Each structure stands twice: as C-alpha cells, then as structure tokens.
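Heads up: the structure comes next, in structure tokens.
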There are 2 protein chains.
Amino acid sequence: MPIYNGCGYSLTMQVIGGKWKICIIDALRNGPLRPSELFKAIPEATERVINHQIRELLMYKVIDRTIYAEQPPRSEYFITELGKTVFPLIDSLDDWGDKNREIYGDI
Amino acid sequence: MPIYNGCGYSLTMQVIGGKWKICIIDALRNGPLRPSELFKAIPEATERVINHQIRELLMYKVIDRTIYAEQPPRSEYFITELGKTVFPLIDSLDDWGDKNREIYGDI
DNA sequence: TCATATACTGATTAATTTATCAGTATCTCC
DNA sequence: GGAGATACTGATAAATTAATCAGTATATGA
C-alpha cells in the first residue's frame, strides 16, 4: 500500500491536513457562513490565514461559495457533497484523540 | 467541538501526523522489524529521519521495541495494542484518498 | 468627505518540520 | 589491527507552513 507518495493517505492529508481546515469544515457543519462569521468562529487564527486555508478547501472541492451580487459584497461558504464525505474521517480522528487523551497525561 | 487546541483531532494528528509515521506503522503491520529492515522498507527517507519519527511513535506508545542482549546489538520494533487501534483510522484516510483521486486529476 | 464595512491578496517574516552530514559506541570476522 | 555491521544521536541546513502587516477595491451612512 503506502509507497507513501501517491498513496490514498497522503492525498487525503493534502486535502484536509492544514492547521485550520478542520476548524473551517466544522464551523460550516451546521450551515453556510459568511467569511466574517468564519473569522469570528475561529478567533485564534488571523483572517489572512483562514482565507488561505479556504482557498485550498475550495481548490479541493471540500467547500464551495455562493457570491451574491450585492453591495457591500456578500459571499457564503458551504460544505459540498464531497466535503460531507470527510465528516466520518474527522469524527473518527477526533474520537480517537478524546478516547486516548488520558494515556498522554504525562506528555 | 474543535476549539482546535486540545481537541481530539489535534491530539490524534500530533500522534500520527508526521511525514513518515504512517509508513512506519504500515511496515510493522505484518510483524516486528529491526531498524535496518525498516530503513529498507522506506528507502525514500534517511535513517536519521526515520529514527526521529520512531522516537515519537515510541513516545506516543504507538510502537514499542524489544532490545535483545546480543552482540552486535539487535532490536525490534512492533505495534502496541494502542497502535493497532489506529489501523482503522489509517485505512479510512487511505480509502478516502483512493476513492476520490480522479476528482483531483486536474490538480 | 471621512469612517466603516465588505471580501480579498501580496510581500515578508517567523516558526515548524524534514533532511543532511558527521559522529558515538560495541562487537565480529578476516 | 582494521573493515564492516549494529543502533543511535547532535548540530545544522533546507524546505515547508503559518503568521504578520499592509494593501486593493467598492459602497453605505454620518
């Protein structure tokens, strides 16, 4: 399986493996959000950084955006059908960490 | 869920998220291996780098080692019971990438 | 007209992660 | 004694990722 480069795992990691991507996906889980709302949802990261991660998630078709022809400009990001298929992955990873946290109490 | 820092996801990623960790875990999947065998199994990475990732996997108790009191020195790395619980995670991530690879044919 | 809000981006620096190179130490075999 | 195998580590360089700062542009309302 993993000759590493080109294996499924490394592709998946390329898609969801950025520092803030999971936060963005999670924030969009119960409905679309405008950029400003996303920034508020993730105050630990700067807007520039979140924008950068958004760009990648768009590129990988995990999220998409609706641009409204309004003024001031308005846009909304939302999870695509493809994006919804990563929910189980994220949940499994999150569960594993929660379940095993006490093992690492000393680290 | 993810306030990011301290969430289960980020802990899991700390544990299995290094560049070569999955290769090491995968190589040990059908039985213990000596360091030199691991190096052979992952020729893309240098020995020093693999050693470094091994150190972390040991620290996180994903793998363990048996040191034989022989000369020349012999040791073997193997997956712990905890380590075996990450197999399903790795498999899911690997499957997701394989299943969706064609979507990214243009990237 | 000036402050504010919207969405977004370029250039640069800082931090983290990987990689390279060279080194330690011990014992066997020729 | 010297070459080779074993396992492992320190110091540093390179590459990758993330963060900071400042900027674009458009339009509203005071």
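Reminder, nothing fancy here: chain letters follow the sequence lines and each chain counts from 1. Note that this is a predicted model, so its numbers are computed, not measured.
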Rounded to whole angstroms, how far apart are CD1 on B:Ile50 and P on C:dT18?
-> 13 Å
Rounded to the nearest 0.5 Å, what separation is found between the OG1 atom of A:Thr12 and the NZ atom of B:Lys99?
-> 11.0 Å
Would you indicate what A:Tyr77 reaches in the nucleic acid, counting non-hydrogen atoms under 4.0 angstrom: base, sugar-phosphate, or nothing?
-> sugar-phosphate
Identify which nucleotide among C:dT20, C:dA7, C:dG10 has an atom closest to any side-chain atom of B:Thr46, counting heavy atoms from C-beta outward.
-> C:dT20
Here the gap from B:Ile16 atom CD1 to A:Leu93 atom CG, rounded to the nearest 0.5 Å, amounts to 6.0 Å
Identify whether NZ of Lys or CZ of Arg in A:Arg29 sits under 6.0 Å from the centre of the six-membered ring of A:Phe87 and within 45° of that ring's axis.
-> yes
Atom pair distance, as rounded to whole Å: CD in A:Glu76 and P in C:dT6 = 13 Å
Looking at B:Arg65 and B:Glu76, does any basic side-chain N land under 4.0 Å from a carboxylate oxygen?
-> no
Determine, for A:Tyr68 and A:Arg74, whether the Lys NZ or Arg CZ falls below 6.0 Å from the six-membered ring centre while staying within 45 degrees of the axis.
-> yes
Rounded to the nearest Å, what distance is computed from the CZ atom of residue A:Arg34 to the C1' atom of nucleotide C:dT6?
-> 7 Å
Check the distance between C:dT20's P and B:Phe39's CZ and give it to me in whole angstrom.
-> 14 Å
State, without any angle test, whether B:Gln14 and B:Tyr60 hold a side-chain donor-acceptor pair at a distance under 3.5 Å.
-> yes
So where does chain A start and stop touching DNA chain D, 5' to 3', when the test is distance under 4.0 Å to a non-hydrogen atom?
-> D:dA18 to D:dA27
Output the single nucleotide from C:dT18, C:dA7, C:dT20 whose closest atom is nearest the side chain of B:Lys19.
-> C:dT18
CD1 of B:Ile67 versus C1' of C:dA25: gap in Å, rounded?
-> 14 Å
Separation of C:dT16 P from B:His52 NE2 (nearest whole Å) = 14 Å
Interatomic distance where CE belongs to A:Met13 and P belongs to C:dT17 [whole Å] | 15 Å
For B:Glu47 and C:dT20, give me the distance from atom CD to atom P, rounded to whole Å.
-> 12 Å
Looking at CD1 of A:Ile54 and CD1 of A:Ile24, how far apart are the two atoms once the value is rounded to the nearest 0.5 Å?
-> 5.0 Å
